Number of protein chains: 2
Amino acid sequence: MTTPEIEATDRKILQLLAEDGRMSYTDLGKATGLSTSAVHQRVKRLEQRDLITGYGATVNYAAIGVPLTAFVAVTPLDPSQPDDCPERVADLNEVEACWSIAGAESYMLKVRVATPEALEELLGRIRSVANVGTRTTIAMYTYYENRPTLKH
Amino acid sequence: MTTPEIEATDRKILQLLAEDGRMSYTDLGKATGLSTSAVHQRVKRLEQRDLITGYGATVNYAAIGVPLTAFVAVTPLDPSQPDDCPERVADLNEVEACWSIAGAESYMLKVRVATPEALEELLGRIRSVANVGTRTTIAMYTYYENRPTLKH
DNA sequence: ATTGAAACTTTGTTGAA
DNA sequence: TTCAACAAAGTTTCAAT
């Protein structure tokens, strides 16, 4: 938003790090035609400008026994109350993402749980902690997730 | 799915790497009470078992001029055709994720674009490349995304 | 943006519990 | 089988240019 124009080299570095967050500065340098310390400097600048907000391992949740992903569309029940649903549901660690949406409902949550029972129980906690109604769409299979969308 | 029971130390390593994918083996060792080479070995095993499927930088898409996220619920139009929508839309790099869902529609896509015009154009490409109908929900603001859901 | 040097990290090998 | 200790190779991070 602040700097929509990103220079080509910085864009390339963003793309490479989005695809492999553990790539070494040496290899980033080779891939961009810069010296190791020049890329290092640029990466630090990308972090400081908040264009890179962090690094994470991609965990195979299905394989570790948390196979259920669901989308929960959320409607606040009392319009006179302060609308702080995103902060309230942030306390629930099953909630992986929260967006405000255009349409019939106010927010969309993405949640991850181990079992249908755990989902039902979580929906109860979401409704009571945020005083909202919920409409849930269960994802039965994840083909892919978090693919980098930078290749243009 | 194959190994739903993950040992406590491996779980801790997964959690730490989900939160900071560039954490060094030295620091992982300090955080888990193991030697550098012992964590190193465990991380390689987590990668081999596909419990860690990759590492990525978290890119602030809004800040680099791609502020629009949308969810596209997709319905195949011709039930006699092979249903290969996930593979077909995988070619469109604006498509970040694809889930098969329970409910009125068959799939849910998550897409990222720069402008409403780019979204409209992308929806056209999705419909023609996969021979599907679409129902789109625009995310106007991202409160948070990809929070690790491993703290239990 | 680069070079070069010191500090630190990674990753293979070896052997102990 | 899992861990620790070591050591060589590679990487990071600075200051100076």
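Bear in mind the structure is a predicted one, so any value in this text is a computation, not a measurement. Chain identifiers are assigned alphabetically (A, B, ...) following the order of the sequence lines, protein sequences preceding nucleic acid strands; residue numbering begins at 1 within each chain.
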Gap between atoms NZ and P, on K44(A) and dA15(D) respectively (whole Å): 15 Å
Distance, rounded to the nearest Å, where Q41(B) contributes CD and dA5(D) contributes C1': 13 Å
Minimum side-chain heavy-atom gap K110(B)-T69(B) below 4.5 Å: yes
V129(A) backbone acceptor or donor facing R88(A) side chain under 3.5 Å: yes
Interface limits on DNA chain C, where chain B has a heavy atom under 4.0 Å of a nucleotide atom: dT9(C) to dG12(C)
Short side-chain donor-acceptor distance under 3.5 Å, Y61(A) and E96(A): no
Ring centre gap for Y144(B) and W99(A) strictly below 6.0 Å: no
Separation of dT2(D) P from R42(B) CZ (nearest whole Å): 7 Å
Distance below 4.0 Å between H40(A) side-chain N/O and dT12(D) OP1 or OP2: no
Over 12 non-hydrogen atoms of neighbours within 6.0 angstrom of CD in E120(A): no
Of residues 22-34 of chain B, the positions that come close to DNA chain D - non-hydrogen atoms, cut-off under 4.0 Å: R22(B), L34(B)
Upstream residue (5' side of DNA chain C) when T36(B) and S35(A) are each assigned their closest nucleotide: S35(A)
Salt bridge present between R49(B) and D10(B) (N-O < 4.0 angstrom): yes
Test item: N60(A) side-chain N/O and D50(B) main-chain N/O as donor-acceptor pair under 3.5 Å: yes
Modelled atom types, side-chain donor and acceptor of Y25(B) and Q41(B), under 3.5 Å: no
